[in-house]
Amino acid sequence: MTIDYSLYLVTGRDLLPEGMTYLDSLEESLRGGVTIVQIREKKADTLEFFEIARQSKTLCDKYKVPLVINDRVDIALAVQADGVHLGQTDMPVHVARTLLPPNAIIGVSCNNLDHLKKAVEDRVDYIGIGAVWITNTKELTNPVIGVRGVGSFLSALDGTDVKAVAIGGIKSDNFLRTLHGSVSPSGHRLDGVAVVSEIVASRDPYRSARTLREAYTSWSAQLANQEKAWSAPMYTTDSVKAGVIGLIRAIRDHNPLVHQITNVVVTNQSANVTLALGASPIMATAPEEMEDLSRVLGALLINFGTVTDKEGMVPAGKYANRESKPVVFDPVGVGATQFRRRTAAHLLDNWQASVIKGNAAELSALAKSEEVQAKGVDSVGSGFVDPAKFVKELALRERCVIALTGPTDWVSDGVTVIKLDNGHKLLGNITGSGCMVGTCIATFCAGAWTQASIEDSFGKLVRGDMLLGAVGGILVLTIAAEIAASRPEVRGSGTFFSALMDELYNLTPDTVLERAKVQVF
Ligand code: 3NM
Ligand code: MG
C-alpha cells in the first residue's frame with residue numbers, strides 16, 4: 001500500500017477546545033481530509049491508551065486512513081494499527097520491526113542529520129523532521145531547525161525511498177512557506193506536513209483540516225506547472241526587455257503602493273525614487289499596522305541598513321506572504337556584524353523573500369561563502385570567480401530570485417541567469433545607491449504583481465514575475481545613472497544625485513529598450 005503523508009495529523013487530547021470530544025474532533029479531521037493519523041498519548045495508562053487507540057482505529061478504517069501509534073508497539077499490535085512512530089528514546093527500530101507484521105509502517109522523529117542517518121540505515125518508512133517552527137505542543141529539547149534547515153535533511157534522503165514530513169508549529173499561515181522553503185538543492189521535497197494544534201485545538205477541525213488539504217493540493221498543482229514551465233526556455237533577451245517595458249507601463253498605470261521598511265540614511269530618497277517611477281511609497285514601521293498594510297500594498301521592501309525595526313519586519317513579511325505579495329529583502333551590510341547575520345537568518349526563517357538583493361560582500365555573507373570579504377556596508381565589486389553559478393545556487397537554496405549588484409549585475413531565479421551591464425561609477429559616490437536599487441526592484445515587483453491574475457496565486461507565496469521585477473528595477477536605475485552622468489551640468493556627486501532623480505522621473509520605455517545591456521543564459 002502506498003501511504004499518503006500529505007496531511008499528517010498527530011493527536012493531542014490536552015489541546016481539545018472546551019466542549020469538543022476527542023472522537024468528534026478526530027472524525028471531523030478525517031472528513032476534512034487528513035491522510036494519516038498518529039495517536040500520541042504521553043500521559044495515558046495502558047488501558048486508556050488501548051481504548052483510545054481501538055476507537056480511533058474504527059474511525060480511521062471508516063475513512064480508509066492509516067493509523068500509527070506513537071511509541072507503543074504493544075498497543076499498535078493490540079489494535080492492529082498500520083504502524084508505529086518512534087522517538088529517539090523509544091524502542092529501537094530493528095526490534096520494533098521483528099515484533100510488528102512485515103508491512104507495518106515505521107516512522108522516526110529526527111532533529112539532526114545523525115538521527116536521519118541512523119533512520120535510513122534502519123530502513124524506516126518515513127521520518128518526521130522537527131521542530132521546524134517554535135511550538136508549545138511539545139517541550140523541545142533540541143534547537144528549532146527552521147524552514148531553511150530542512151533542505152539539508154532532504155538532501156540526505158536523496159537516493160533513498162524514505163519519505164519525509166515536517167513537524168512543529170506548522171499552521172495555515174506558515175503552511176505554504178513551509179512547503180515552499182523545505183527543499184534540497186537537488187529538488188527533493190517534503191512528502192507531507194504534520195500538525196497537532198492547528199487541527200486539534202480548532203473549534204472547527206473539519207474546516208482547519210480542509211484548509212490545509214486544499215492548500216496542499218493547490219501547492220502541488222502549481223509546482224507541477226512550474227516544473228513543466230522550467231523544462232522549456234522561458235526568457236530571451238528580447239522577451240526580458242519587452243517584459244521590463246511592460247512593467248514600466250504597469251507601474252505608471254496602476255500606481256501600486258510600495259511599502260518600505262528601510263534605514264534612516266535613505267528613507268527620504270527611497271520614497272522619492274518610488275514616486276519618480278510612478279508608484280506610491282509608504283514608509284511604515286509599526287508592527288501593529290502590518291496586517292492592514294499587507295492587504296493594500298503592491299510590494300514590500302525590507303532593508304535592514306540600520307537594524308532597529310525588526311519588530312515590524314517579521315510580521316510585515318509574514319502578512320505579505322499570506323497575501324501573495326512580493327517581498328524584496330535588502331540585507332544591507334549583513335556580513336559586517338554577528339547581529340546582522342543573526343537578524344537576516346531570523347527574518348528569512350520567518351518569511352519567504354521573493355527577491356534578495358545585495359552586493360557581492362552581502363550575498364557572500366548570506367551564503368556563508370568565504371569568497372568575498374565585507375568592508376563596512378560598502379560594495380566591494382563583483383568578486384566571485386563564477387557569479388552566474390553563485391546566484392543560481394543561492395536562488396535554489398533560498399527559493400527566490402537573487403540579484404547580485406555591482407559594476408555588472410547578475411540575476412537568477414535558480415533556472416535562468418541574466419547578466420546586466422549598465423551603470424556608471426558615480427553611483428558609487430552617492431550614499432544609498434544600493435538601497436535605491438532595492439527600492440526600484442520592489443517597485444518593479446509591485447508592477448509585476450499588478451499584472452498577475454488572482455488564479456496565478458493559488459498555492460504560491462508570490463504572484464507575478466519576480467525575475468523580471470528584479471531585472472527591471474536594476475535596469476532603470478543603472479540606465480538613468482548613465483544618462484544623468486552624461487549631462488553637462490553634472491560636476492560631481494551632488495549634481496549627479498539630482499540629475500539621477502530627474503532621469504528616473506523622465507525615463508521612457510524607448511530609452512530603456514535602446515540602452516539596456518541584457519544577456520540571458
Ligand atoms: N513532535 P504543533 S514537534 C509531536 O519536533 C511533535 O519531533 C515534534 O505540534 C518534533 O503542530 C511536535 O501543535 C509538536 O506545533 C507539534
Ligand atoms: Mg551595473
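Note that ligands are numbered from 1 as they come in the structure, with each ligand's atoms numbered from 1 the same way. We're numbering straight along the sequence, starting at 1. Predicted, not measured: the structure shown is a model, and the values here were computed from it.
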Asks: Which atoms of ligand 1 have any heavy atom of V195 under 4.0 Å away?
Replies: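 That gives atoms 11 (O) of ligand 1.
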Asks: Who gets closest to atom 11 (O) of ligand 1 by heavy atom: V196, I145, N142?
Replies: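 Shortest heavy-atom distance from atom 11 (O) of ligand 1: V196.
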Asks: Can you tell me which portion of E198 lies within the under-4.0 Å heavy-atom range of ligand 1? Options are side chain, backbone, both, or neither.
Replies: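 Neither part.
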Asks: Identify whether NZ of Lys or CZ of Arg in K460 sits under 6.0 Å from the centre of the six-membered ring of W219 and within 45° of that ring's axis.
Replies: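 No; the conditions do not both hold, so K460 does not lie above the ring face of W219.
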Asks: Between W410 and F384, is the ring centroid distance below 6.0 Å?
Replies: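 No - the distance between ring centres of W410 and F384 does not fall below the 6.0 Å cut-off.
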Asks: Can you check whether A131 has an N/O within less than 3.5 Å of an N/O in ligand 1?
Replies: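 Between A131 and ligand 1 (N or O atoms, distance only) the closest approach is under 3.5 Å.
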Asks: What is the closest protein heavy atom to atom 3 (S) of ligand 1, and at what distance does it sit?
Replies: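 For atom 3 (S) of ligand 1, the nearest protein heavy atom is G168 CA, 3.8 Å.
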Asks: Counting heavy atoms only, name the option from R40, Q38, K171 that's nearest to atom 4 (C) of ligand 1.
Replies: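 That would be R40.
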Asks: Salt-bridged, D61 to K57, with N to O below 4.0 Å?
Replies: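 Salt bridge between D61 and K57, a charged N being under 4.0 Å from a carboxylate O: yes.
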Asks: Would you mind running through ligand 1 and noting each atom that sits below 4.0 Å from a heavy atom of S197?
Replies: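 Per the distance check, 2 (P), 11 (O), 13 (O).
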Asks: Taking distance alone, with no angle check, do T137 and ligand 1 share an N/O pair under 3.5 Å?
Replies: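 Indeed, backbone or side chain, T137 has an N or O that close.
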Asks: Is it true that D74 and R72 make a salt bridge, defined as a side-chain N closer than 4.0 Å to a carboxylate O?
Replies: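 Looking at D74 and R72, the cut-off is met.
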Asks: For F153 versus C110, what's the shortest heavy-atom pair and its separation?
Replies: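 So the two residues come closest at CE2-O, 4.1 Å.
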Asks: Nearest protein heavy-atom contact for atom 7 (O) of ligand 1: which residue, which atom, what distance?
Replies: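 Ranked first by proximity to atom 7 (O) of ligand 1 is K138 NZ, 3.3 Å.
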Asks: Check this for me: does any side-chain nitrogen of one of R322 and D173 sit under 4.0 Å from a carboxylate oxygen of the other?
Replies: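 Answer for the salt bridge query: no.
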Asks: Between ligand 1 and T135, is the shortest N or O to N or O distance under 3.5 Å?
Replies: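 Indeed, backbone or side chain, T135 has an N or O that close.
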Asks: Any luck finding a side-chain donor-acceptor pair between N70 and Q38 under 3.5 Å?
Replies: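 Short answer, yes.
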Asks: Show the atoms of ligand 1 that are less than 4.0 angstrom away from any heavy atom in G169.
Replies: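 Selected atoms, number and element: 2 (P), 11 (O), 15 (O).
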Asks: Any ion pair linking R13 and E48 (charged N to carboxylate O, less than 4.0 Å)?
Replies: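 Answer for the salt bridge query: yes.
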Asks: Could you list the atoms of ligand 1 found under 4.0 angstrom from a heavy atom of G130?
Replies: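 Those qualifying, in numeric order: 5 (O).
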